[in-house]
Amino acid sequence: MCRIYGYFGPDLDVTALDAARDAQLPGGPDQQHRVRGENWGLGCNRLSIQDPSHGRQPFTNADGSVYAVFNGEIYNFRAIREELAGHGVHVAGDSDGSVLVPYYELHGDRFTDRLEGMYAIALMDLRSGRRLKLWCDPLAVKSLYYAVSGDGITFSSELGGLTALQPKPLDVDPIAVDHYMNWQCLPNGSSWYSGVSSLRPGEQLVHDGRSTTVRQPQDTGPLPVNGACTDACTPASLGALLIREVAQMSLQSAPVAVQVSGGLDSAIVATLLARRRGDVTGFHVTHEGSHASDEEVYAREAAKHAGIPLEVVEIREADLPELIPAVVAALGTPNATPHALSAYVLFREISNSSFRVCFVGDGADEQFGGYRRYSTALAAGDDTWQGRYLDRLSLVPHAQYRQLYAPEYRALLDSGASSRQQSLELLNRPAPSRLEQLLSFDRLHKLPGLNLRKLDHLSMAHAVEGRVPYCQPSITGFARRTPDALKVTGSRRKQILWDAGAEMIPRAVRERQKQPFTFPVGAFMAPGTRLWDFATGVLAGSRLCASGFLSAAAVRNVLTEHAAGRDHARLLWGLMMLELSFP
C-alpha cells in the first residue's frame, strides 16, 4: 500500500517532484524512491505491509525497459508467482507488487484482468516506442488523479500531489460545486480543477507522448441477472466465497484490525477474520452524549460473538473545531457525509494502536441491495422515480440546492450539462431490471466517488490500509449474477447476505433495524454549540459566495431558519465542508 506519482513529457524540476512526494508522505512513510528517464519519472512513497524487506519501488525488469509503481494490494500474487515460475520467471521475496512487471511482460495490457485486489498502477514501457500506462481496479478502491496537457501527462494518488506537479496554478472547474451538491462528493472522472480527472472503475489510460487513450473496462455491462445463476447463487455459495476472500486477504504476519459498526456487514467480516487468525481487534466509534444513532451495544455484541476484543473511541463535542479541518485536509477532496469525521477518528485510533491493516464492510449494500432507497425506487410506479432516487443521494433535493446558487451560476449550468443531467443519463443506462439499474449506478459511480474515496484518503492519512472484502471482483461478479429476488423483495433487502451470514452474527444484530455508520450532526449542530459557532464562522465569509457560486442571501437564510428551529444540520455540515475544501 503506497502513494504514487509521476509524469511523461517535459522534464519536471526536482523541487516539483519533491513537493509531490512530501504532499503524500502520511500514506507512504516507510520508503520514498523514484526513477527518472528522458522526459519521464515515476515515484513511490511506500507503506510496507507485505514483506517489508522486499518489494522496493519503482519495480523494473532486468534490462530496465519497463518500470512500474503501484498502490494497493494484489491478493492472488502467490498464484501469479507460481504461474510465472511455470514460465521460467523467478520472483524474489514475498511482496505482492514484485509480480507486476513480469506479469505485464507475460500478458501485456490485459494482465490486470487476472489481478484480484485493489490497485492503481503506473507503468512506463520503453520498449517499442515509449508509453506511460495507468490502470485502476474494477471499483476504483484506490484513487489515481491525472492531468493531460499539450506538453504531456502528470498523475498522483492524491490531488495535493498532482497540483504540486503543475507548472502553474490550476483553474477551478465551474461544475465542481454542482457536482458536490448533486453527489455529496466530486465523482470519479472529476476534481476541483479543470483538466484534472481521476480514473474511473476499471479504466486504463495510455499516453504515448503525443496522444492519450482511455480504455473502458470490457466486463461492466449488464448481465442477465433475472433467472440466471439460481443454482450457484445460494447463501451457502456466497458464504464460501466470503470465507475464501477473507482468507486470501489476511495472509500478512502483522496483526489485523476490523471496523465493527454493529451491523451485518462488518459483523460477518469480524467473525471470518477471527476464525482465521488469533490477533484480530475490533474498533468502534461512538459520540459524546446520548444519541438514537448510537450502535455501541450492537458492536459489543458483534465483537463478543466473533470472539475478539473491541476498542471503543469517543468523539467529544469540544474537539470538533480542531478535528474538522484535519478531516478536510486528509480527504483532499470535498465529502459531505458527516461520518467522514467518525472514519477519520477511527483510523487515527487504529494507527495509534500500531495496526496497519483494517478490514471494513464497505460495498455490501451496493452489491446486494441493502439500502432502503432501493425498495422505495422499486415500488415507485411512475416515470419520476429516477429524479426522486437521485434526490436521496444529493446533499439536499435538487430543487432545494439550486435555490442556493447565485443567479449567474444557475444560468451557467442551465446553458450546458448540469451534474443532475449527467447522473440521470448514468442512472438510465439499460439494464435487465430496475434493481440492476440502481445497483450498477451505485456500484460504479456513487460507491467509488463517495465511500471508497473517503476510505482510501482517510485510512492512508494515518498509514493504515483499508481492506474491503465486499469489493473484491469475485463478490461483484457473484452479486451481478444473483437474481433480484435473492437481493431485494419488497421491504426485505440484502436477503442473500443475511442468509449467508446467519451463523456469523449475534441475534441482536439479526433482529435490529438497519442503520448506516453515522455521526449525530443534528445534535452537535444545535445553536449555541461549538460546532454551530464554528460552522457559522466558516460560512460568514464564504469564498463560494464571493466567487459567484452560492448566493450569500440564500446561505444566510439557511442559517437563520436553522437557528429558528427548522432542521438544516446536514445541509450546513455539507456547506461547511465544501467551503473548507474550496481551493
Whether the side chain of [X] engages the backbone of [Y] through a donor-acceptor N/O pair (distance < 3.5 Å, no angle test) should be reported.
X	Y	answer
Asp137	Met118	no
Ser190	Pro187	yes
Gln184	Asn335	no
Ser198	Gly189	yes
Tyr374	Lys487	no
Ser394	Pro397	no
Asn76	Ala79	no
Gln367	Ala364	no
Asp499	Pro235	no
His562	Met525	yes

Close side-chain approach of [X] and [Y], heavy atoms under 4.5 Å:
X	Y	answer
Ser237	Phe478	yes
Thr529	Phe524	no
Met504	Arg275	yes
Met181	Leu404	yes
Leu497	Leu242	yes
Leu393	Asp442	yes
Val464	Arg356	no
Leu571	Leu575	yes

Does the pair [X]/[Y] count as a salt bridge with the N-to-O cut at 4.0 Å?
X	Y	value
Arg3	Asp456	yes
Lys446	Asp365	no
Glu73	Arg467	yes

Assert yes or no for the condition that the ring centre distance of Phe519 to His291 is strictly below 6.0 Å.
no
Please report whether the ring centroid of Trp183 lies less than 6.0 Å from that of Phe441.
yes
For [X] and [Y], work out which heavy atoms get closest and say how close.
X	Y	result
Ile350	Cys358	CD1-SG, 3.5 Å
Leu447	Cys471	CD2-SG, 4.2 Å
Asp265	Gly361	CB-O, 3.8 Å
Asn182	Ser423	ND2-OG, 3.2 Å
Ala176	Leu186	O-CD2, 3.2 Å
Asp533	Gly528	OD2-O, 4.3 Å

Count the heavy atoms of every other residue, nucleotide or ligand shown that sit under 6.0 Å from CZ of Arg244, and state whether that count exceeds 12.
yes
Heavy-atom neighbours of Glu511 CD exceed 12 at 6.0 Å
yes
Going through the distances and angles, do His398 and Arg388 end up as a side chain to side chain contact (heavy atoms under 4.5 Å, CB included)?
CA-CA 9 Å; His398 178 236; Arg388 288 186 284 122; over 6 Å; no
Could you give the distance from [atom1] ([X]) to [atom2] ([Y]), rounded to the nearest 0.5 Å?
X	Y	atom1	atom2	value
Lys454	Leu452	NZ	CG	9.0 Å
His284	Ser266	NE2	OG	9.5 Å
Cys136	Asn188	SG	CG	7.0 Å
Asn557	Thr560	CG	OG1	6.0 Å
Tyr470	Glu366	OH	CD	12.0 Å
Arg420	His179	CZ	NE2	13.0 Å

Applying side chain to side chain contact (heavy atoms under 4.5 Å, CB included) to Phe368 and Leu238, what does each step give before you reach the verdict?
CA-CA 11 Å; Phe368 296 103; Leu238 176 57; 3.8 Å; yes
All side-chain contact (heavy atoms from CB on, under 4.5 Å) counterparts of Arg276, not counting sequence neighbours:
Ala247, Ser250, Leu251
Under the ring-ring contact (aromatic ring centres under 6.0 Å, His included) rule, what do Phe283 and Phe355 come out as? Steps first, then yes or no, please.
CA-CA 11 Å; Phe283 285 82; Phe355 290 90; 5.5 Å; yes
Mark yes or no: Arg373 above the aromatic ring of Tyr371, with NZ or CZ under 6.0 Å from the six-membered ring centre and no more than 45 degrees from the axis.
yes
Picking from Arg429, Arg481, Arg443, what satisfies salt bridge (Lys or Arg N to Asp or Glu O under 4.0 Å) with Glu436?
Arg443
Checking salt bridge (Lys or Arg N to Asp or Glu O under 4.0 Å) for the pair Glu301/Lys304: CA distance, chi angles, key distance, verdict?
CA-CA 5 Å; Glu301 288 289 333; Lys304 180 180 178 182; 5.5 Å; no
Examine the side chains of Ser342 and His287 and answer whether a donor and an acceptor come within less than 3.5 Å of each other.
yes
Determine whether Val360 and Leu455 satisfy the following criterion, side chain to side chain contact (heavy atoms under 4.5 Å, CB included), listing intermediate values before the conclusion.
CA-CA 9 Å; Val360 298; Leu455 168 67; 3.9 Å; yes
Go through the steps for Arg566 and Val558 under the test side chain to side chain contact (heavy atoms under 4.5 Å, CB included), then give the verdict.
CA-CA 9 Å; Arg566 184 175 177 184; Val558 172; over 6 Å; no
Candidate pair Arg372 and Ser491, rule side chain to side chain donor-acceptor pair (under 3.5 Å), full reasoning:
CA-CA 8 Å; Arg372 184 179 292 112; Ser491 62; over 6 Å; no
Between Arg434 and Gln386, does the side chain to side chain donor-acceptor pair (under 3.5 Å) criterion hold? Intermediate values first, please.
CA-CA 10 Å; Arg434 183 182 294 185; Gln386 296 96 330; over 6 Å; no
Under 3.5 Å, sequence neighbours excluded: what are the donor-acceptor pairs made by side chains of residues 310-334?
residue	atom	partner	partner atom	Å
Arg316	NH1	Asp319	OD1	3.4

Give the intermediate values and the outcome of side chain to side chain donor-acceptor pair (under 3.5 Å) for residues Gln472 and Glu116.
CA-CA 7 Å; Gln472 279 288 87; Glu116 297 180 18; 4.7 Å; no
For Gln495 and Thr489, run side chain to side chain donor-acceptor pair (under 3.5 Å): C-alpha distance rounded to whole Å, both residues' side-chain angles, the deciding distance at 0.1 Å, then the answer.
CA-CA 8 Å; Gln495 190 59 47; Thr489 303; over 6 Å; no
